[in-house]
Amino acid sequence: MSWLKGFAIDQMNVLYNISDVMLLLTSGEGFGIPVIEAMSCEIPVIMTDYTTGRELLIDDGQCGEVVKVSRLIMGSWNVRRAIADVNDAADK
């Protein structure tokens with residue numbers, strides 16, 4: 001892997017399938033492609049309950065866990081961002 005060339009598809013498949021869980025504590029991920037990739041490998045996902053987390057993981061049949069938001073901050077370009085509750089993440 002390098003900055004200009006990522007892993008091949010078969011290498012990504014191996015990486016996802018050696019994982020027990022995928023943790024994404026993003027402050028503002030929209031529709032996260034890594035979440036869908038992990039789900040397609042049947043890896044449970046834990047992600048921040050902000051933007052699409054609940055829609056992707058809970059609403060249409062639970063396939064992961066959402067982590068509570070501890071606070072909201074104002075990010076660049078005047079966009080609200082969520083900070084995940086680390087204690088809730090550790091519990092999940």
Side-chain angles (χ1 to χ4, degrees):
M1 185 178 122
S2 71
W3 288 106
L4 301 175
K5 185 173 190 264
F7 289 109
I9 291 173
D10 58 332
Q11 291 172 312
M12 286 302 299
N13 190 27
V14 169
L15 288 174
Y16 276 116
N17 282 292
I18 63 173
S19 300
D20 293 323
V21 66
M22 192 267 212
L23 176 65
L24 180 67
L25 297 182
T26 180
S27 64
E29 184 73 45
F31 186 82
I33 298 299
V35 171
I36 301 303
E37 291 171 336
M39 289 169 62
S40 71
C41 293
E42 299 181 1
I43 303 299
V45 177
I46 301 171
M47 69 182 290
T48 311
D49 190 8
Y50 192 65
T51 65
T52 61
R54 183 163 299 276
E55 179 183 356
L56 291 172
L57 302 181
I58 306 294
D59 289 348
D60 195 27
Q62 189 164 358
C63 57
E65 296 282 345
V66 290
V67 175
K68 292 186 293 188
V69 172
S70 67
R71 64 189 168 104
L72 296 172
I73 61 171
M74 190 60 67
S76 59
W77 301 100
N78 219 20
V79 174
R80 272 187 3 180
R81 298 289 187 176
I83 304 299
D85 182 315
V86 295
N87 293 319
D88 189 44
D91 289 343
K92 301 277 166 65

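Position 1 is the first residue of the sequence, and the numbers go up from there.
- No continuous path of ILVMFWY side-chain contacts below 4.5 Å connects V69 to V86, so the two sit in separate hydrophobic clusters.
- Separation of atoms CZ (R81) and OG1 (T26) is listed at 6.5 Å; rounding is to 0.5 Å.
- From M39, atom CE reaches atom CE of M22 across 10.5 Å, with rounding to the nearest 0.5 Å.
- Annotation: the span from R80 atom CZ to M74 atom CE amounts to 7.0 Å, rounded to 0.5 Å.
- Residues I33 and V35 share a single hydrophobic cluster, defined by chaining ILVMFWY side chains whose heavy atoms lie under 4.5 Å apart.
- For the residue pair L25 and A84, the shortest heavy atom distance occurs at CD2-CB, 4.0 Å.
- In terms of hydrophobic clustering, with Ile, Leu, Val, Met, Phe, Trp and Tyr side chains grouped at heavy-atom distances under 4.5 Å, I43 and I46 are assigned to different clusters.
- Looking at heavy atoms from C-beta onward, N13 lies in side-chain contact with C41 at the 4.5 angstrom threshold.
- No continuous path of ILVMFWY side-chain contacts below 4.5 Å connects V79 to Y50, so the two sit in separate hydrophobic clusters.
- V66 and L24 fall within the same hydrophobic cluster, defined by Ile, Leu, Val, Met, Phe, Trp and Tyr side-chain heavy atoms under 4.5 Å apart, directly or through other members.
- Taken to the nearest 0.5 Å, the NZ atom of K68 stands 13.0 Å off from the OG1 atom of T48.
- The CG atom of L23 sits 12.0 Å away from the CD atom of E65 when rounded to the nearest 0.5 Å.
- Using modelled atom types, one side-chain atom of Q11 and one backbone atom of A8 make a donor-acceptor pair closer than 3.5 Å.
- Crowding of Q62 atom CD: a count of heavy atoms from other residues, nucleotides or ligands under 6.0 Å exceeding 12.
- Rounding to the nearest 0.5 Å gives a distance of 11.5 Å between CG of D85 and CG of D49.
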